[in-house]
Amino acid sequence: MDNILSGIKPTGKLTLGNYIGAIKNFARIQNEGDTFVFIADLHALTLPIEPEDLRNNSRDIAAYYLAAGLDPKSTTIFLQSDVPAHSELAVIMQNFLYMGELSRMTQFKDKAQKMDNEAIGLGLFAYPVLMACDIVLYNSKRIPVGEDQVQHVELCRDLVKRFNNRYGDTLVMPRAEMVKVGKRIMSLSDPTKKMSKSDPKGDIFLSDDLNVMRKKIMSAVTDLGHEIKYDVENKPGISNLMTIYSALTGKEFAEIEKEFEGKGYGDFKRAVADAVINEMEPFKKRYEEIISSGLVDEVLEEGAKKASVIANETLARVQKAVGLYHK
Ligand code: ATP
Ligand code: LTN
């Protein structure tokens with residue numbers, strides 16, 4: 001069975017995009033291999049963040065993982081910063097990814113573009129180096145992510161190839177995989193933009209009250225016309241709502257089109273809101289119970305211990321391969 005690994009950076013409140021594109025899927029596939037799901041807290045430091053927010057966001061993500069059904073018995077859940085091998089490996093691997101390719105990363109270009117050139121940290125530029133280390137440390141073959149992260153996994157593949165060519169078969173080749181429906185949930189206020197926790201316009205947050213979620217869906221931007229039809233080009237708003245509805249109910253697009261034949265946007269939005277609330281109500285309840293139970297600390301402590309074993313093995317293998325003395 002192939003090792004599976006993914007992570008989320010605790011930069012803000014999680015969105016319905018994170019839930020559909022990532023978390024819900026992690027829980028679905030966790031028993032298909034040795035699964036590692038972590039909180040990329042070191043990655044969250046690549047943009048300015050208050051210490052208190054970073055701490056709270058990290059704990060929140062762990063609780064959401066558990067609430068979504070990730071089972072600590074089958075999935076190793078941990079904090080990236082609790083496993084020092086990530087940072088140690090990054091210092092080695094930064095020599096095998098190049099400035100040219102790092103500067104072509106879409107995520108870097110997008111984030112850097114919004115910043116003053118003088119204040120872009122080296123960590124933001126080197127983000128994919130650390131991410132590649134996250135992946136290779138666990139001999140991971142399957143990397144479930146949303147569409148925006150595929151480019152980073154591709155770069156990790158380049159690194160693995162380069163490293164193995166130079167030093168022999170040391171690292172396992174990973175591959176990104178995405179959910180069939182929902183790999184890129186769009187903003188409800190601008191369905192041409194990704195729903196993103198760092199650009200919260202048009203987001204549904206997992207922490208929103210259920211009635212706020214309903215309101216946001218009812219006022220989502222829709223398109224000209226009145227037909228419920230999947231057509232991303234001409235009907236980006238309705239197509240996005242159909243994607244959310246399909247991801248949560250398991251219904252195919254054709255089935256949804258049939259269900260709402262002759263009905264209007266209002267009827268459809270009500271059904272989408274019901275589907276979201278159906279899913280979120282028990283999920284949020286579990287989250288509340290977990291947050292107040294003390295379970296998070298326990299799970300993270302156990303997870304870091306388990307993760308360290310395999311991470312340290314890989315680190316030692318790499319140190320030896322490159323010729324670091326005494327290893
Ligand atoms: P940020 O805005 O801080 O860059 P984000 O909301 O894009 O964050 P990440 O932490 O980058 O979230 O993503 C966590 C996981 O959720 C990744 O696998 C990412 O691809 C996925 N994801 C994020 N946004 C969406 C979305 N709108 N639709 C589907 N998947 C998503
Ligand atoms: N960059 C990812 C978070 C992340 C990740 C990883 C995902 C960090 N390391 C390794 C998959 C594998 C993000 O922004 N979601």
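Along the sequence shown, residues carry numbers from 1.
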Residues that Gln151 engages under side-chain contact (heavy atoms from CB on, under 4.5 Å), provided they are two or more places apart: Met105, Thr106

Pairs flagged by ring pair (Phe, Tyr, Trp, His ring centres under 6.0 Å) wherever residues 208-234 is involved - sequence neighbours left out: Tyr230-Phe253

Value rounded to 0.5 Å, distance of CG in Leu241 from CD1 in Ile217: 7.5 Å

Taking every non-hydrogen atom, the tightest pair across Met213 and Ile204: CG-CG2, 3.8 Å

Closest contact, heavy atoms only, Thr249 versus Ala275: CG2-CB, 4.0 Å

Basic-acidic side-chain contact under 4.0 Å: Asp41, Lys9: no

Between CG on residue Asp134 and OG on residue Ser6, distance to nearest 0.5 Å: 9.5 Å

Heavy-atom side-chain proximity of Pro10 to Asp60 below 4.5 angstrom: no

Residues Tyr138 and Glu313: side-chain donor-acceptor under 3.5 angstrom: no

Ring geometry between Tyr64 and Phe283 (parallel below 30°, tilted from 30 to 60°, perpendicular above 60°): parallel

Verdict with supporting geometry, Phe108 and Tyr127, ring pair (Phe, Tyr, Trp, His ring centres under 6.0 Å): CA-CA 8 Å; Phe108 173 71; Tyr127 187 110; 10.0 Å; no

SB check Lys306 Glu301 (cutoff 4.0 Å): no

Within 45° cone and under 6.0 Å: Lys24 NZ/CZ vs Tyr19 ring: no

